[in-house]
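What follows is a single structure, written as structure tokens, with notes after it.
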Amino acid sequence: MIGIEKGVLESCKTLRHVKQVHAQILRSKVDHSNSLLLELILCCCTLPSSSSLHYALSLFTQIPNPHTRFSNRLFRQFSRGPTPEGTLLLYGLLRRKGTLLDRFSFPPLLKAVSKLSALNMGLEVHGLVSKLGFHDDPFIQTALIAMYAACGRIMDARLVFDKMSHRDVVTWNIMIDGYSQSGHYDHVLRLYEEMKISGMELDSIILCTVLSACGHAGNLSYGKAIHEFIKDNGFRVDSHLQTALVNMYASCGAMYLAREVYDQLPSKHLVVSTAMLSGYAKIGLVKDARFIFDQIVEKDLVCWSAMISGYAESDQPQEALELFDEMQRQRIVPDQITMLSVISACAHVGALVKARWVHSYADKNGFGRALPINNALVDMYAKCGNLVRAREVFENMPRKNVISWSSMINAFAIHGDADSAIALFHRMKVQNIEPNAVTFIGILYACSHAGLVEKGEKFFSSMINDHNISPQREHYGCMVDLYCRAKLLRKALELIETMPFPPNVIIWGSLMSACQNHGELELGEFAAKRLLELEPDHDGALVVLSNIYAQEKRWDNVGLVRKLMSHKGISKEKACSRIELNNEVHVFMMADRYHKQSNEIYKKLDEIVSQLKLVGYTPSSSGVLVDLEEEEKKEIVLWHSEKLAVCYGLISERKESSCIRIIKNLRICEDCHSFMKLVSKEYRVEIVMRDRTRFHHFNGGICSCRDYW
DNA sequence: GTAGGGTTAG
């Protein structure tokens, strides 16, 4: 053998190696069969780069009359390897040359199509299968089912499945898994039952598939039944099946049952621990999730991602971002799923500096063109208060879908720019993008926050009549809010009473705050009481109720509510404002003295108040509804956390022309709103403030919300 | 000469 050992080929790990061996073959000038070249090509298909792929194909074309058997081997090698597109390129090559394919060619070809979700190619191949009369071959039929399932065409998969005369347990599993992947969990169970009736023997793989579907569907009782079945029939439970059981219980939120199985495992391997971790995170027990996470010795990307999204989804975005930093330090490379969690965490935090960093990180690491990433970035910039950047990302997107348009419309909406939101909606329609239910939530929100009652009503009916979208509770919520903000409280109540959903906490809350703002005490009391029926410990409702009683001087009732609150340990959510300066986040609570520059901050506050009083500012305590003396109320209002934050912003060094960005957890009060407007004018500074529901841009004495919020 | 199926992040 010309001095080239077989082992040399197997040790070819790079294209360079392959080329060296190829040169050796050519140099040896030994009259040999193509067998060595064939081995070299096969070896080339296992390398991950596209240049190796093309090298393999170019070597292949040098073979004068390749045997179909060899092409089939190449098909298989490519379809199993890291560059399945090689299969399809080879297919094209052979078709152009008119080389015949046999029935052994199709399973690997279809596998490559599945891996690439290349539906059009799959359809073409299916056509060829029929033309060549291979449609009865069970190997090919099974591959076709897998192909259609992978391409999201579950009905077509089922058509092939139904036509089969012989199915084995693998065929059933592929079909059932296809239903599971496409979210048709009812079909999973139906087909599984059918399979049992047909007398097909079950194995542990099929049980894994069905358990996984139970987990996704949250079908605990069916999952339990399968667990019983496994025990009763003495099934051997391997590590996959253990994980599937733990995961099923964990996904259904039954952590005590998941724990039971988990605790019995002799070794807690990575995958099963990740399943436990996600289960805890999902029900909000993030600390338990973190405990498991910390015990995992060799962490992979999936478990890092699970923990990061666990934090992000449990309203602990700061922790999500910190963990992402830690992941960076450990040199774990994120994928798109991780990035989406991170971007969403950033949006929650609202930290613009971090947002910019995450964006450039995503760009640098090759996520910049992905549609879901760009959609998330639009949302992130909007929620971080930078509408300009949100728009920039949106306009530069190579492709946009309905989510992109909806995100941008919502971005304008939360920034109070209803005109732009509506204009964008029309642009979207011109481009033939059909709006969906989420799009309308953005549009209705925009109308509600801008006081556009008639327009809102028009959009609402157009949604139903022109777009055939039946309004969900959220849409009714927006409409109730629209009327509430416009002081049409009776109309709001009427809608609440006639809508086809029972009102929820959010809807009663909307009416309640509006009543408080507009001094409608009687209706406000009614709304607060309805809200408390649904959520007896709702801090906001109790506070409003006690304030309403205080305004009406019904002190006995005030006392009752207060007593109830202290008895149950309920207190009003403490107001807090964050300001981001020079890469640091500073947090202020009301009347906070913790900041190291506290003295200077309060000095600045005094200075600003005297300055603003000269231009007509009088602290207004109307928003402070506790039974204090008038003077005390005025003091309190001056110590609101956002005022402290803005003072800190003013005494700190900021880059020329950069604005002050503040994020507040509650709604901004009337007095702070006038204060911010005046500061923006007198101190020539732009202030962007995110409160509980929206943004206020203060500039030159005016707020973008036009004092309507 | 055949092959195809399983668990974890969203």
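Quick caveat: nothing in here was measured; it's all calculated off a predicted structure. Reminder, nothing fancy here: chain letters follow the sequence lines and each chain counts from 1.
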Next item on the list: Would you please test Gln264(A) and Glu260(A) for side chain to side chain donor-acceptor pair (under 3.5 Å) and show each step?
Entry: CA-CA 7 Å; Gln264(A) 284 168 16; Glu260(A) 246 177 53; 5.5 Å; no
Note to self: In the structure I gave you, are the side-chain heavy atoms of Tyr148(A) and Val160(A) within less than 4.5 Å of one another anywhere?
What the structure shows: yes
Next item on the list: Over 60° means perpendicular and under 30° means parallel, so classify the ring planes of Tyr361(A) and Phe324(A), tilted if in between.
Entry: perpendicular
Check: Tell me, which of residues 184-195 of chain A have any heavy atom that sits under 4.0 Å from an atom in DNA chain B?
Finding: none
Margin query: Using a 4.0 Å heavy-atom cut-off, does Arg103(A) contact any base of the nucleic acid, only the sugar-phosphate backbone, or nothing at all?
Written below: base
Notebook entry, point to check: About how many Å separate CD1 of Ile296(A) and CH2 of Trp304(A), when rounded to the nearest 0.5 Å?
Noted result: 10.5 Å
Notebook entry, point to check: Asn233(A) side chain to Phe235(A) main-chain N or O, any donor-acceptor pair under 3.5 Å?
Noted result: no
Margin query: Suppose we screen for side chain to side chain donor-acceptor pair (under 3.5 Å). Which residues come up paired with Asn401(A), at least two apart in sequence or across chains?
Written below: Asn375(A), Ser404(A)
Checklist line | Gap between atom CG of Leu189(A) and atom CD of Glu194(A) - 0.5 Å precision | finding: 12.5 Å
Note to self: Does Asp102(A) reach a base, just sugar-phosphate, or nothing at all? Heavy atoms under 4.0 Å.
What the structure shows: base
Notebook entry, point to check: Which residues, if any, of residues 224-249 of chain A bring a heavy atom under 4.0 Å of DNA chain B?
Noted result: Asp238(A), His240(A), Leu241(A), Thr243(A), Asn247(A)
Next item on the list: Give a yes or no answer on whether the side chain of Asn374(A) reaches the backbone of Gly368(A) with a donor-acceptor pair at less than 3.5 Å.
Entry: yes
Check: Under 3.5 Å, side chain of Asp335(A) to main-chain N/O of Thr338(A), donor-acceptor pair present?
Finding: yes
Checklist line | Arg329(A) and Glu326(A) ion-paired at < 4.0 Å | finding: yes
Notebook entry, point to check: Are any non-hydrogen side-chain atoms of Phe394(A) and Leu377(A) less than 4.5 angstrom apart?
Noted result: no
Next item on the list: Using the ring of Phe161(A) (Phe, Tyr or Trp, six-membered ring only), decide whether Arg167(A) places NZ or CZ under 6.0 Å from its centre and within 45 degrees of its axis.
Entry: yes
Margin query: Let's see if you get this right: which residues in residues 320-341 of chain A place a heavy atom under 4.0 Å from DNA chain B?
Written below: Asp335(A), Ile337(A)
Checklist line | Geometric cation-pi criterion Lys111(A) and Phe75(A), 6.0 Å radius, 45° cone | finding: no
Next item on the list: Within residues 267-296 of chain A, find the residues that approach DNA chain B with a heavy atom at under 4.0 Å, and present them sorted by residue number.
Entry: Val271(A), Thr274(A), Ser278(A)
Check: Is it true that Lys354(A) and Asp325(A) have a side-chain N and a carboxylate O under 4.0 angstrom from each other?
Finding: yes
Item checked: Boundaries of the chain A footprint along DNA chain B (any atom under 4.0 Å from a heavy atom) -> dG1(B) to dG10(B)
Note to self: Keeping Ser105(A) on the side-chain end and Leu101(A) on the backbone end, is there a donor-acceptor pair under 3.5 Å?
What the structure shows: no
